[in-house]
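Positions are given from 1 along the sequence.
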Amino acid sequence: MILVVAIISIIPLRTEISDYLLNFIIKCIIFQISIPVYVILILAITFIFYFIRIKQKYNNVKIGFQFLIGTWHNEYQSQGRKGYEICEIKDDGKYLIDGQHYFDIIDFNYNARKNQITFTKKAVRENDNRKLKNIMNIENNFLLTGTEEDVDRNFITKYTKIN
């Protein structure tokens, strides 16, 4: 019985149902009402499923492609070479550098467990068939760090959102 009271009291999100159950159990203890074991098991199982559902609801925050839309300052380095570019990512997936369309962003994915996004920058210019795979860790809403993989080299990249 005390275990059930302890479990209910640690709920991070207090609700009417959890308060009702807690009050019911306390009254049973105070008035020494005997409760059959199967009733306690049913209450415990119901509570566990309810708690799991609440936990999943609040943990499954999803980040979509809209997260990338805006203007970014991209710093990159590879083999001692450093550089930067100001890029703009449009809602249709266009990746513009200095107002010129250089890439399309394809294959966007978000991994909630790693708090990581992946996407591919596919070149659109004539005679440019590059596909650059980006694996970026979300540091916060304005900072991404990670790598950009090319056929012959990898870049360490850092995107800082300007607006």
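Residues T118 and K133 form a side-chain contact, since some pair of their non-hydrogen atoms from C-beta on lies under 4.5 Å apart. Annotation: side chain of R125 is in contact with side chain of Q100 (closest heavy-atom distance under 4.5 Å). For the pair F65/I105, a side-chain contact is recorded, criterion being any heavy-atom separation below 4.5 Å from C-beta on. Annotation: side chain of H73 is in contact with side chain of E75 (closest heavy-atom distance under 4.5 Å). Counting heavy atoms from C-beta on, the side chains of I138 and I117 come closer than 4.5 Å. Contact check for I86 versus I162: side-chain heavy atoms found under the 4.5 Å cut-off. A 4.5 Å side-chain heavy-atom check between K158 and N74 finds every atom pair outside the cut-off.
Remark: L143 CG is packed, more than 12 non-hydrogen atoms of other residues, nucleotides or ligands lying under 6.0 Å away. At most 12 non-hydrogen atoms from other residues, nucleotides or ligands lie less than 6.0 angstrom from NZ of K122. For K114, the NZ atom counts as loosely surrounded, since its 6.0 Å shell holds 12 or fewer non-hydrogen atoms of other residues, nucleotides or ligands.
Taken to the nearest 0.5 Å, the CD1 atom of I156 stands 9.5 Å off from the NZ atom of K82. Between the NZ atom of K90 and the CG atom of D104 there is a distance of 13.5 Å, given to the nearest 0.5 Å. In this structure, CG on D107 lies 4.5 Å from OG1 on T120, to the nearest 0.5 angstrom.
For the residue pair N154/E149, the side-chain donor-acceptor check at 3.5 Å is not satisfied. Counted by atom type alone, D128 and Y102 present zero donor-acceptor pairs between their side chains at under 3.5 Å. In summary, the side chains of Q116 and N111 do not present any donor paired with an acceptor at a separation below 3.5 Å, with no hydrogens or angles considered. A donor atom on one side chain and an acceptor atom on the other are found under 3.5 Å apart for N163 and T71.
L132 and I135 sit in two unconnected hydrophobic clusters of ILVMFWY residues. Membership requires side-chain heavy atoms under 4.5 Å apart, directly or through other members. Hydrophobic clustering (side-chain heavy atoms under 4.5 Å, transitive across Ile, Leu, Val, Met, Phe, Trp, Tyr) keeps L96 apart from F108. Using a 4.5 Å cut-off between side-chain heavy atoms of Ile, Leu, Val, Met, Phe, Trp and Tyr, with links allowed through other members, L144 and I97 fall into the same hydrophobic cluster. M136 and F155 end up in different hydrophobic clusters when Ile, Leu, Val, Met, Phe, Trp and Tyr side chains are linked at under 4.5 Å.
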Quick one, F119 with L68, criterion side-chain contact (heavy atoms from CB on, under 4.5 Å). Give me CA distance, side-chain angles, the key distance, then yes/no.
CA-CA 10 Å; F119 58 90; L68 289 179; 4.0 Å; yes
Using the rule given for salt bridge (charged side-chain N to carboxylate O under 4.0 Å, His left out), can you reason through K94 versus D92, listing the C-alpha separation, both sets of side-chain angles and the distance that settles it, and then say yes or no?
CA-CA 6 Å; K94 287 183 169 60; D92 59 359; 3.2 Å; yes
Chi angles and distances behind the side-chain hydrogen bond (donor to acceptor under 3.5 Å, both in side chains) call for E85, Y95
CA-CA 11 Å; E85 64 193 20; Y95 185 102; 2.5 Å; yes
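The two residues G70 and K161 make their nearest non-hydrogen contact at CA-CE, 4.2 Å.
Salt bridge status for K121 with E148: present, with a side-chain N to carboxylate O gap under 4.0 Å.
Taking the six-membered ring for Trp and thresholds of 30 and 60 degrees, Y159 and W72 have ring planes more than 60 degrees apart, a perpendicular arrangement.
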